[in-house]
There are 2 protein chains.
Amino acid sequence: MTDKLTLDEVAKRAGVSRTTASRVLNDGPNVRPEVRERVLRVIAETGYRPHPVAQSLASQQSHVIGLVLPRRTEALFNDPYFPRLTQGIAQACNDHDYTLALFMMQCEADEQKFYPRISRKGLLDGIVIQVGQIGDDLIARLLESDVPTVVAGRPLNQPNANYIDVDNIAGAHTAVTHLLHLGHKRIGAITGEMRTTAALDRYAGYCKALQEHDLPVDETLVCEGYFTEIGGYEAMRRLLPHKPDAIFSASDAMSLGALRAIHEAGLTVPHDIAVVSFDDLPPATIARPQLTTIHQPVHAFGVKAVEMLLDVIKNGPTPPRRVIMETELVIRESCGSTQSKT
Amino acid sequence: MTDKLTLDEVAKRAGVSRTTASRVLNDGPNVRPEVRERVLRVIAETGYRPHPVAQSLASQQSHVIGLVLPRRTEALFNDPYFPRLTQGIAQACNDHDYTLALFMMQCEADEQKFYPRISRKGLLDGIVIQVGQIGDDLIARLLESDVPTVVAGRPLNQPNANYIDVDNIAGAHTAVTHLLHLGHKRIGAITGEMRTTAALDRYAGYCKALQEHDLPVDETLVCEGYFTEIGGYEAMRRLLPHKPDAIFSASDAMSLGALRAIHEAGLTVPHDIAVVSFDDLPPATIARPQLTTIHQPVHAFGVKAVEMLLDVIKNGPTPPRRVIMETELVIRESCGSTQSKT
DNA sequence: CACAGTTTTGGAAGCGCTTCCAATCACTAC
DNA sequence: GTAGTGATTGGAAGCGCTTCCAAAACTGTG
């Protein structure tokens with residue numbers, strides 16, 4: 001017991017070679033049942049546990065994957081989205097016996113510092129990286145390295161990237177179509193930062209729905225927010241003078257702000273202005289009125305991202321994987337309808 | 001270039017031994033400047049980066065620390081507190097060139113699975129663990145293992161634990177004293193789960209302030225919530241019939257719910273009921289009226305936790321470290337006073 | 001009972017690095 | 001010119017595991 005407890009020691013006590021002990025440890029074949037039994041007993045008795053780092057070095061895989069959140073995303077950690085996503089990813093890691101390493105870049109310096117560490121094969125078996133703003137080249141650089149990578153969210157101009165995303169266009173389209181079916185004509189949009197593909201895609205879905213109903217996209221009814229409560233509030237204040245009769249807001253957090261601005265203006269939702277949102281995270285049910293919103297399966301999204309990554313790790317990067325997850329309209333109170341019209 | 005790029009290879013190209021190359025890599029002493037220069041050039045030219053796992057194995061330290069969030073805490077990931085804390089911890093890790101591994105337990109099974117992995121020296125150089133509910137024995141077990149550990153939050157009955165906490169008692173005391181100075185007599189409390197030391201301590205501060213003003217603690221004015229918006233809402237609904245003229249709510253998220261319940265009852269804040277909160281996270285400024293609240297330095301808390309841990313790693317566990325961080329009353333609108341009375 | 005074929009086993013070579021220690025070297029002081 | 005000093009260097013032994021490969025021990029067959 002006083003000796004360092006290594007596999008050698010276990011093997012010695014069980015009267016076998018280290019090789020055999022290793023086989024038992026890894027459920028390898030070609031070990032006589034009674035021998036396996038004996039080794040197992042020694043392991044149990046001594047409480048031996050293998051040294052994970054030694055295993056990593058010898059087997060050339062660490063069983064660790066990294067979650068990389070580019071800078072600026074971190075500001076969004078206020079949004080319940082990232083915590084939820086992280087939870088899904090963590091869960092999947094547990095379930096598959098992987099350890100999760102978290103890389104939150106807070107500034108450019110972090111990025112410089114991280115890149116060597118994560119792109120070097122060894123520490124990480126693979127990476128899930130959240131898309132950041134358009135123009136970030138971290139993803140591109142990562143894809144050049146030989147570390148298996150899955151992008152969460154649609155990256156721009158990365159034909160070979162493995163990525164997973166929700167169907168933002170379809171989701172926004174459904175949301176706005178719902179408003180149109182309810183008879184709204186002057187539908188405004190609070191878009192979220194246009195430097196993200198999520199905002200762009202949701203905006204595209206908004207435009208598509210309007211066009212299908214032969215309505216023009218009125219630029220004065222479109223306002224960019226910052227995916228936060230304040231962002232939604234400020235955007236809504238700028239939109240109010242243009243008298244929209246409905247609003248499509250690209251995130252629940254922004255919707256909260258929008259509601260606040262609307263109430264401050266003495267108007268009520270959904271009577272004066274209907275609101276349809278995107279996310280279906282806790283703010284949606286906390287808001288008064290509760291938000292009709294596009295549900296996106298954030299937790300499942302995280303789980304799936306990890307599973308994709310493990311697939312890439314196991315079976316190589318070709319062909320590139322694409323997964324688009326469906327969203328769903330959840331009818332609550334902020335549109336005045338309690339029945340889906342689609 | 002086609003060869004695997006190891007330190008051996010670098011050494012060979014620079015015409016030195018691997019030992020010397022290693023010295024250069026680690027800024028070791030006793031290398032002639034010109035030799036160092038030469039090795040450095042080869043490293044730059046080849047883009048060599050050391051294999052972190054090999055370094056860990058040889059040096060017996062991984063430069064990885066773990067953040068452990070016990071189960072049930074994960075439910076609180078909706079609260080902005082944990083994301084913020086995580087951010088602080090991540091930041092500090094970056095700054096000190098440590099990698100952060102995240103262990104979020106979602107169920108008991110996770111706990112069983114994690115324990116062997118994290119308590120085994122090797123993967124982790126140390127652990128920051130968030131206190132969970134009273135009765136969780138994970139912390140106790142972890143403290144028995146020889147992995148350096150710092151507890152975030154006050155653990156119960158762990159005399160030797162290194163821990164860091166905010167001064168919850170003093171904070172709550174300040175909050176309630178503020179209400180008392182404003183002339184309130186029937187001050188209610190929404191406490192948060194009493195199975196956490198944070199809730200217990202804040203409640204203790206509440207009681208202490210009342211007692212100092214010779215007021216009894218009226219049990220009908222105290223209600224346990226769940227540290228969420230809904231929790232605060234429900235607690236407030238139960239409190240309203242007892243006609244409090246002020247409320248001390250143990251978290252901003254709960255305060256949001258309390259405000260909602262108060263407004264639904266047709267009362268206004270601060271006119272009919274004053275509210276003082278705890279946390280000073282984003283909900284505090286989003287709320288209408290904005291919350292007068294006890295600011296706790298969450299980010300700095302995370303940073304400090306990591307720094308304590310690094311200290312323990314470096315200098316050993318004795319003597320046990322204790323850090324209590326100060327809180328601060330932030331006066332906003334929900335108490336009717338725009339001036340501090342303390 | 002010998003032989004080919006299959007399991008089971010252990011020796012030994014790594015994985016890529018750190019670090020102890022002894023050897024070498026360049027000086028200074030005598 | 002030589003012993004003594006400290007700075008520099010490299011050989012070699014690990015760190016604790018996996019895995020290749022050859023040897024040993026079985027199995028069944030003719």
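Letters A, B, ... are given to chains in the order of the sequence lines, protein chains preceding strands, and every chain is numbered from 1.
Distance A/Glu34 CD to C/dT7 C1': 13 Å, rounded to the nearest Å. B/Arg36 has its CZ atom 16 Å from the C1' atom of D/dG10, to the nearest Å. For B/Asn30 and C/dC25, the CG to C1' distance is 13 Å, given to the nearest whole Å.
Qualifying salt bridge (charged side-chain N to carboxylate O under 4.0 Å, His left out) partners for B/Arg195, counting only residues two or more places apart in sequence or in other chains: none. Scored by the side chain to side chain contact (heavy atoms under 4.5 Å, CB included) test, B/Val298 finds B/Tyr81, B/Arg84, B/Leu85, B/Leu281, B/Gln296 as partners (sequence neighbours excluded). In this structure, the salt bridge (charged side-chain N to carboxylate O under 4.0 Å, His left out) partners of A/Glu34, at least two apart in sequence or on a different chain, are A/Arg32. Applying the side chain to side chain contact (heavy atoms under 4.5 Å, CB included) rule to A/Ser59 yields the partners A/Gln61; only residues at least two apart in sequence or on another chain are considered. In this structure A/Asp137 satisfies the salt bridge (charged side-chain N to carboxylate O under 4.0 Å, His left out) test with no other residue, sequence neighbours excluded. Every residue two or more places apart in sequence or in another chain that forms a salt bridge (charged side-chain N to carboxylate O under 4.0 Å, His left out) with B/Lys113 is listed here: A/Asp97. By the side chain to side chain contact (heavy atoms under 4.5 Å, CB included) test, A/Ala140 pairs with A/Gln158, sequence neighbours left out.
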**Request:** Take nucleotides 10-20 of chain C nucleotide by nucleotide from the 5' end and write B, S or -, depending on whether a protein heavy atom sits under 4.0 Å from the base, only from the sugar-phosphate, or from neither.
**Result:** BBBBBBBBBBB

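Across its full length, the helix from C/dC1-D/dG30 to C/dC30-D/dG1 shows an angle of 50° between the axes of its 5 terminal pairs at either end, rounded to 10 degrees.
For the OP1/OP2 pair of C/dT7 and a distance below 4.0 Å, the side-chain nitrogens and oxygens of A/Arg32 include no atom meeting the criterion.
Without hydrogens or angle criteria, B/Asp165 side chain to B/Ile324 main chain gives no donor-acceptor distance under 3.5 Å.
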